[in-house]
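Everything below concerns the one structure shown next.
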Amino acid sequence: MRRIISALLLLALLLTGCGGVSKEEYAAMVQERDALLAEAELQELQAQEASPDTVTVKVTGEFTATVRSLIPDYVTDDKTPYMAVATLFQSTPFTIWTGELTKHLEEGETYVFEVEMSRYDIITRQEYESGTLLNPEVAFSMYPSLYISNFRPAEESDWGLDSVHLAYEACET
């Protein structure tokens, strides 16, 4: 009786190993699945871009800030200053990447920084309508595509409460 049960069990194990999917068929199915997933992801991204809840913008303009400190970027070089810790009129400090322009900046001095964006970014309609990202303290931390293209020493008329002049440039995608 044990021999018959053992033989049946062995036969069942042998049969389960037969009739499977070949490696080529499996690879083709995996490739087709990945292509379908990529297509679905692309469609989802396109739907988000075309969503009425988002706006494609480019930020331009200028703002006046006092340079409090010049610090290294710490990612690429921990000695050469590439960033400025700055403050707007009566605000908290924030960092801006100034790159090669940093060597022309002096701590304690106030400058008018010209802002450009290297590419268009997508923001929510709520951010667009509220103007939240027109504040350099917020914009520089959220959008690494923002950069300082130029600067000049600030004149007395540049200082004070009306020292931020950033604007959105909305575009159709």
Side-chain angles (χ1 to χ4, degrees), residues 34-173:
D34 291 345
L36 289 172
L37 287 173
E39 185 179 333
E41 188 176 318
L42 178 63
Q43 288 174 350
E44 182 180 327
L45 286 173
Q46 288 173 340
Q48 279 181 344
E49 285 184 14
S51 169
D53 295 336
T54 61
V55 179
T56 304
V57 297
K58 192 166 190 174
V59 177
T60 58
E62 62 186 29
F63 65 93
T64 303
T66 302
V67 174
R68 300 298 178 189
S69 181
L70 300 172
I71 61 173
D73 160 334
Y74 295 113
V75 174
T76 57
D77 178 4
D78 63 350
K79 292 185 181 22
T80 309
Y82 285 117
M83 299 185 79
V85 177
T87 56
L88 300 174
F89 181 71
Q90 296 183 342
S91 76
T92 58
F94 63 99
T95 58
I96 50 178
W97 194 84
T98 50
E100 293 297 322
L101 297 175
T102 309
K103 61 186 169 192
H104 302 291
L105 298 173
E106 292 183 34
E107 292 181 3
E109 295 297 318
T110 303
Y111 299 97
V112 176
F113 293 98
E114 294 178 21
V115 175
E116 288 191 19
M117 213 166 191
S118 59
R119 61 179 167 78
Y120 286 92
D121 273 312
I122 298 173
I123 64 172
T124 65
R125 171 104 19 222
Q126 181 182 4
E127 289 171 330
Y128 181 76
E129 291 173 355
S130 70
T132 301
L133 295 178
L134 295 179
N135 181 344
E137 295 169 293
V138 176
F140 279 98
S141 65
M142 292 183 70
Y143 292 99
S145 61
L146 274 177
Y147 67 95
I148 302 299
S149 61
N150 203 358
F151 71 92
R152 63 176 170 79
E155 299 172 1
E156 191 172 329
S157 61
D158 296 321
W159 297 2
L161 293 174
D162 187 30
S163 61
V164 177
H165 304 282
L166 297 179
Y168 289 129
E169 181 184 320
C171 75
E172 296 294 325
T173 55

Step by step, work out the side chain to side chain contact (heavy atoms under 4.5 Å, CB included) result for Leu88 and Phe94.
CA-CA 9 Å; Leu88 300 174; Phe94 63 99; 3.8 Å; yes
Which atom pair, heavy atoms only, marks the closest approach of [X] to [Y]?
| X | Y | answer |
| --- | --- | --- |
| Pro136 | Phe63 | CG-CG, 3.7 Å |
| Pro93 | Val85 | CB-CG1, 3.8 Å |
| Gly61 | Leu166 | C-CD2, 3.8 Å |
| Lys58 | Met117 | CE-O, 2.8 Å |

Rounded to the nearest 0.5 Å, what separation is found between the [atom1] atom of [X] and the [atom2] atom of [Y]?
| X | Y | atom1 | atom2 | result |
| --- | --- | --- | --- | --- |
| Ile148 | Leu101 | CD1 | CG | 8.5 Å |
| Trp97 | Leu146 | CH2 | CG | 13.0 Å |
| Glu155 | Thr64 | CD | OG1 | 10.0 Å |
| Met83 | Leu105 | CE | CG | 12.5 Å |

Please name all residues satisfying ring pair (Phe, Tyr, Trp, His ring centres under 6.0 Å) with Tyr147, sequence neighbours left out, ordered by chain then number.
none
Scan for salt bridge (charged side-chain N to carboxylate O under 4.0 Å, His left out) pairs involving residues 143-154, sequence neighbours excluded, and state none if there are none.
Arg152-Asp158
Glu100 meets the salt bridge (charged side-chain N to carboxylate O under 4.0 Å, His left out) criterion, sequence neighbours left out, with Lys103
Please lay out, stage by stage, how Val67 and Glu109 fare under the test side chain to side chain contact (heavy atoms under 4.5 Å, CB included).
CA-CA 6 Å; Val67 174; Glu109 295 297 318; 5.8 Å; no
Does atom CD (Glu156) have a neighbourhood of more than 12 heavy atoms from anything else shown, all under 6.0 Å?
no
Please tell me if the side chains of Phe89 and Thr110 come closer than 4.5 Å, counting only heavy atoms from C-beta onward.
no
Specify whether Phe151 and Tyr111 have parallel, tilted or perpendicular ring planes, treating 30° as the upper limit for parallel and 60° as the lower limit for perpendicular.
perpendicular
